Novice: 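Dropping a structure here in structure tokens format, bear with me for questions.
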Amino acid sequence: MTFKTKRYDIIVIGAGHAGCEAALASARMGCSTLLLTIDMDKIATMPCSPSIGGMAKGQLVKEIDALGGQMAKITDSSAIQYRTLNTRKGPAVHSTRTQNDKFLYSKNMKTALETADNLNLKQAMVQDLMIEDNRVTGIIDQTGFEYKAKAVVIATGTFLRGTVHIGSSKTEAGRAGEFASVKLARHLSELGFTLGRMKTGTPPRLHADSIDLTQFRVHDSDKDPKPFSYSTSGIINPMLPSYMGDTNLNTHGIVRDNLRFSALYGGHIKGRSARYCPSFEDKIVKFPDRESHHVILEYEGMESKEIYASGLGNSLPLEIQYKVVRSVKGLEEAEIMRPAYAIEYDYINPLQLNPTLETKRVANLFMAGQINGTSGYEEAGAQGIWAGINAACRILNREPFILDRSQAYMGVMIDDLVTRGTNEPYRMFTSRAEYRLLLREDNADLRLTEMAYDLGLVDRTALAFSKEIQEQTQNEMARVQSTVIKPTPEVNAFLSSKGTNPISNGVKLDQLLKRAQLDYDALLEISPPDQPIHERARQQVEIEIKYEGYIKRQINEIKKYQDLEKVNIPESFDYIKVHGLSNELREKLNQILPKSLGQASRIDGMTPAALSVLMVAIRAFQSRKPPLTNKE
């Protein structure tokens, strides 16, 4: 029997958070796209925490949104709690976090995919890639059916040879109750990719009616929650609280007495786990002096009785999980609806990727999400939109889409992955971003919307709004910096009422704004603008003025950084022939093949002296003169 299969521009494998963003981005750029998933009822599911955002992760979500992505919009449509983190610190580290109805999140993302132009959604398990002349040309599913494509994005999450562990019991699964992708993992290995093994996990889900919530501290949503997406006009769902409690010495004793039964400590798990998100067994072993650890209870949905018990993730047998859970005050009668488990899975060493997330080994093959060694929905979504855009750029013969470390958090993440690699689940932190004062949540759209418009990912309305905020900000900055406030009795009385010193001479408005006791809204009582300006512009003015010195310092640092980034390294450059570099550095440079001197400078082990040697060699190569040797 002969079938005539449809040819696509791009095929995306996996409909998790990475795959959804990749497929939507490529489709919005005009490429015919096919999104394949093992289970269409589990699209963009939340197998771990029912939340989006958090420290540094919130910045990633805002950037996805600024680039026309879907995550922030779906978050707003399913959010049941909003909290802004780090509000007592500066704006560089303010981060939004939501608690979500995970069932509504998945449902609304599926609707977005099903109604998108240029996008087909199908259920299938991919087993093989079709390769011709070292270039991917399509995929073959478990039935032997072929789908042709010019580019492929692999976003398989934890499904590559996924294995779920509960005590000594182990099951091949991408998530609990779902098929693992074994043959595709084997096929990637046969193609020559270096695969590693990682481990993550999830806590038990408890029945809400079996919990005494009066024994927990209530954490309500922010009183005036702000939507995640720049395009969301308002909050639509009722806000639900979360609850915080604590483990105790009895809880810890139960774990210590039963460590040998844990999959993690019983020798069943070989994959690397994340240091920053340890399982409960890890906490007990690594922090033996702690008398308690937090337990946070969160609703998984508005119409669900399932409660996510954050902090109790483990890989113990179910009977011991019951003992652990019921030792916590308020959980004495708790019923476990779904047990905690650990999961091991294969990942691809990201040093095998170019900055576009295209593989170096196979042309037009891109990878995004946990397959690249990352952890988290937000990191996955950011890689997904990055890979989807670059796959589309390849098909459309456009320049690659690459943001550097001074432009976006996602630029920091991608650079970290392809330059340094990772041997443990990579998570985004604000501390990883050198220029975080310029890469804030509040200005992601101002940084990225114009690029998104040029790519065809957002409409003219979004671009016009961004430009309007920028123009209002610039005009108001000029007014604030030029307006002189005179020392009238009324002015000084106002300043005294705010707890700050009166003035004896004329002072420019921006100097008053730099005082810790005053904010922009307060100064409107002294000198309001002729025309009202948008709240977003007012926010930008206050940040730009109050942090002016720090911002100028980071801008100067960026100029130095960009000087190194401008020194491109030719593809044919041979690091082995460069004298003055250690053998270890030569091997790393040959493996990573940095695109610029800036990228080379961030490789582990690179020293200022080695960088100078490399710069001289590159310039000699570009001028077609042999570089000087040590003897010369």
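This one's a predicted model, so the numbers in the text were calculated from it and none came from an experiment.
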Novice: Does Glu434 come within less than 4.0 Å of Lys560, counting only side-chain N to carboxylate O?
Specialist: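 Answer for the salt bridge query: no.
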
Novice: Holding to salt bridge (Lys or Arg N to Asp or Glu O under 4.0 Å), I want the full list of residues that pass it with Lys283, two or more places apart in sequence or in another chain.
Specialist: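 Listed in chain order: nothing, the list is empty.
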
Novice: Output side-chain donor-acceptor pairs under 3.5 Å for residues 130-137, partner residues at least two apart or in another chain, one line each.
Specialist:
{"residue": "Asn134", "atom": "ND2", "partner": "Arg361", "partner atom": "O", "Å": "2.8"}
{"residue": "Arg135", "atom": "NH1", "partner": "Asn364", "partner atom": "OD1", "Å": "3.3"}
{"residue": "Thr137", "atom": "OG1", "partner": "Met130", "partner atom": "O", "Å": "3.3"}

Novice: Donor-acceptor pair, distance only, cut-off 3.5 Å: does the side chain of Lys102 make one with the backbone of Pro47?
Specialist: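 Not at all, since once roles are kept as given, no pair shorter than 3.5 Å links the two residues.
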
Novice: Please list, chain by chain and in numerical order, all residues satisfying side chain to side chain contact (heavy atoms under 4.5 Å, CB included) with Leu417, sequence neighbours excluded.
Specialist: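 Here the qualifying residues are Pro350, Thr374, Gln383, Met413, Thr422, Tyr426.
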
Novice: What residues form a side chain to side chain contact (heavy atoms under 4.5 Å, CB included) with Thr75, not counting sequence neighbours?
Specialist: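 Applying side chain to side chain contact (heavy atoms under 4.5 Å, CB included) to Thr75 gives Ile52, Met71, Thr98, Asn100, Tyr105, Phe228.
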
Novice: For the pair His94 (side chain) and Met55 (backbone), establish whether a donor and an acceptor sit closer than 3.5 Å, ignoring hydrogens and angles.
Specialist: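 Not a single qualifying donor-acceptor pair exists.
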
Novice: Have Glu298 and Ser51 got a donor and an acceptor in their side chains that come within less than 3.5 Å?
Specialist: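 No, because no side-chain N or O of Glu298 sits under 3.5 Å from a partner of the opposite role on Ser51.
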
Novice: Could you work out, with side chain to side chain contact (heavy atoms under 4.5 Å, CB included) as the rule, every residue matching Asp604, not counting sequence neighbours?
Specialist: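 Only Arg420, Lys588 meet the side chain to side chain contact (heavy atoms under 4.5 Å, CB included) criterion with Asp604.
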
Novice: Got a sec, which residues hit salt bridge (Lys or Arg N to Asp or Glu O under 4.0 Å) with Asp415, two or more places apart in sequence or on another chain?
Specialist: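 Here the qualifying residues are Arg405, Arg602.
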
Novice: The criterion is side chain to side chain donor-acceptor pair (under 3.5 Å); which residues satisfy it with Tyr345, sequence neighbours excluded?
Specialist: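 Testing Tyr345 for side chain to side chain donor-acceptor pair (under 3.5 Å), a comparison that skips the adjacent residues, returns none.
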
Novice: Whether the side chain of Asp65 engages the backbone of Tyr230 through a donor-acceptor N/O pair (distance < 3.5 Å, no angle test) should be reported.
Specialist: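 Confirmed, Asp65 side chain pairs with Tyr230 backbone.
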
Novice: Under 3.5 Å, is there a donor-acceptor pair linking the side chains of Gln352 and Thr359?
Specialist: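 Note: Gln352 and Thr359 side chains miss the donor-acceptor criterion.
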
Novice: Checking Glu178 now: which residues fulfil side chain to side chain donor-acceptor pair (under 3.5 Å) with it, not counting sequence neighbours?
Specialist: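 Per chain and number, Glu178 pairs via side chain to side chain donor-acceptor pair (under 3.5 Å) with Arg175.
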
Novice: Sequence neighbours excluded, which residues qualify as side chain to side chain donor-acceptor pair (under 3.5 Å) partners of Ser466?
Specialist: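 Not a single residue meets the side chain to side chain donor-acceptor pair (under 3.5 Å) criterion with Ser466.
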
Novice: Under the side chain to side chain donor-acceptor pair (under 3.5 Å) rule, collect the residues that match up with Gln407, sequence neighbours excluded.
Specialist: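 In terms of side chain to side chain donor-acceptor pair (under 3.5 Å), with neighbours along the sequence ignored, Gln407 is linked to no residue.
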
Novice: Can you give each donor-acceptor pair under 3.5 Å made by side-chain atoms of residues 179-196, sequence neighbours left out, with the distance rounded to 0.1 Å?
Specialist:
{"residue": "His187", "atom": "ND1", "partner": "Asp128", "partner atom": "OD1", "Å": "3.3"}
{"residue": "His187", "atom": "NE2", "partner": "Leu129", "partner atom": "N", "Å": "3.1"}
{"residue": "His187", "atom": "NE2", "partner": "Leu129", "partner atom": "O", "Å": "3.3"}

Novice: Restricting to side chain to side chain contact (heavy atoms under 4.5 Å, CB included), what partner residues turn up for Asp282, sequence neighbours left out?
Specialist: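 Leu264, Tyr265, Ser273, Pro278, Ser279, Lys286.
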
Novice: Taking the inter-plane angle between the rings of Trp386 and Phe401 on a 0 to 90° scale, is it parallel (under 30°), tilted (30 to 60°) or perpendicular (over 60°)?
Specialist: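 Perpendicular, since the angle between the ring planes exceeds 60°.
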
Novice: Describe, in one word, how the ring planes of Tyr575 and Phe573 are oriented to each other, choosing from parallel (under 30°), tilted (30 to 60°) and perpendicular (over 60°).
Specialist: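 Rings of Tyr575 and Phe573: perpendicular, over 60°.
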
